[in-house]
Amino acid sequence: MPELPEVETVRRIVEPALLGRRIEGVTLRDFAGVLESAIPGVDPVATLPGQSFAATNRRGKYLLLRLDSGLTLIVHLRMTGRLLLTPTAAPLVRFEHLAIRLDDGNDLRFSDQRKFGRVVLASDAGVALLDSRLGPEPGSPRLTAASLHAALKRRPGKIKNALLDQSLIAGLGNIYVDEALYRSRIHPERVANTLTQPECVSLLRAVRHVIRTALDNQGTTFSTFENPYGEAGGNAVFLRAYGRAGLPCLRCGTPMVRIVVAGRGTTFCPTCQPLDGPMPPS
DNA sequence: CATTACCTGCAA
DNA sequence: TTGCAGGTAATG
């Protein structure tokens, strides 16, 4: 489940491999829908060859590969998408739907066993539109406990739903939302607009901690995530909530509970994360 | 606001 | 054989 740390891990690896490289050819296989155009009348397969990679950026869970023409390939891995750097000579394997041939003997390939991920060719206007739909990055100085508190005040739904909303904060997904709520001792079903200012301070600190830790460990590989060289991330051993249903809470020993919130499997500690708010001092 | 569709490998 | 995994768009 690639979230911000996984996508940023991918970006940091592909950047040195792509900058200055020229696209020599584009191959689409059975699932041609993986490559889309957001520009009417522009066919990516015809347009991409000859263009070179000029910059890489990331916004939330979107990877932005900017070309010297000013166009950008917007990549979203969704759940099982992978961006791979592979020698051109290596045969395309199952699930590799798109191969972008570079001028150094390597391919940039997009693999996805579930056909949810996309690579979209967009103009600067398309990138700006995407940017406008997303909230601040977790590390942005524009995001403060006060701004988070104010935004949550307008949210009558559950805090987990709010944190999964990319227009509130960009880049969080199921894993890091559960981790951040566990660290800040907030029940995932707490009504967002009831969070106190101190809870928002704690929650934002927790969000930044779990994202930074995952980045430091090149992302979480729970089942499928791999970086562009096929290597797993090292953050799974640092997870304290996600995937631990039925196991003892690492703080108090209470068995962790699994519920469904926002249609997602959600793991939390019923003792450390009470629905009625912060625990009174003991 | 919440829930479902999309998709398919895999565990139970 | 069934249902779970989940990011996002679409739907209720």
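For the numbers below, each heavy atom of this structure counts, side chains included, while hydrogens, waters and symmetry mates do not.
Taking 4.0 Å as the cut-off between side-chain N and carboxylate O, A/E6 and A/K61 do not count as a salt-bridged pair. Salt bridge annotation for A/D178-A/K160: present, with a cationic side-chain nitrogen under 4.0 angstrom from a carboxylate oxygen.
Judged by distance alone with a 3.5 Å cut-off, no donor-acceptor contact links the side chain of A/R114 to the base of B/dG9.
Between A/G263 and A/P156, it is A/P156 whose nearest contact on DNA chain B lies nearer the 5' terminus. Between A/A262 and A/R78, it is A/A262 whose nearest contact on DNA chain B lies nearer the 5' terminus.
Between the CD atom of A/Q113 and the P atom of C/dC4 there is a distance of 18 Å, given to the nearest Å. Distance CZ (A/R155) to C1' (B/dC1): 10 Å, rounded to an integer number of Å. Put simply, CG on A/L164 is 11 Å from C1' on C/dT8, counting in whole angstrom units.
In this structure, CG in A/N161 is found 9.0 Å from CD in A/E189, a value given to the nearest 0.5 Å.
A close approach under 4.0 Å does not occur between any side-chain nitrogen or oxygen of A/Q166 and OP1 or OP2 of C/dG7. Phosphate contact (OP1/OP2 of C/dG7, side-chain N/O of A/H76, threshold under 4.0 Å): absent.
In this structure, A/R251 satisfies the cation-pi test against A/Y182, with its NZ or CZ atom closer than 6.0 Å to the six-membered ring centre and inside 45 degrees of the ring normal.
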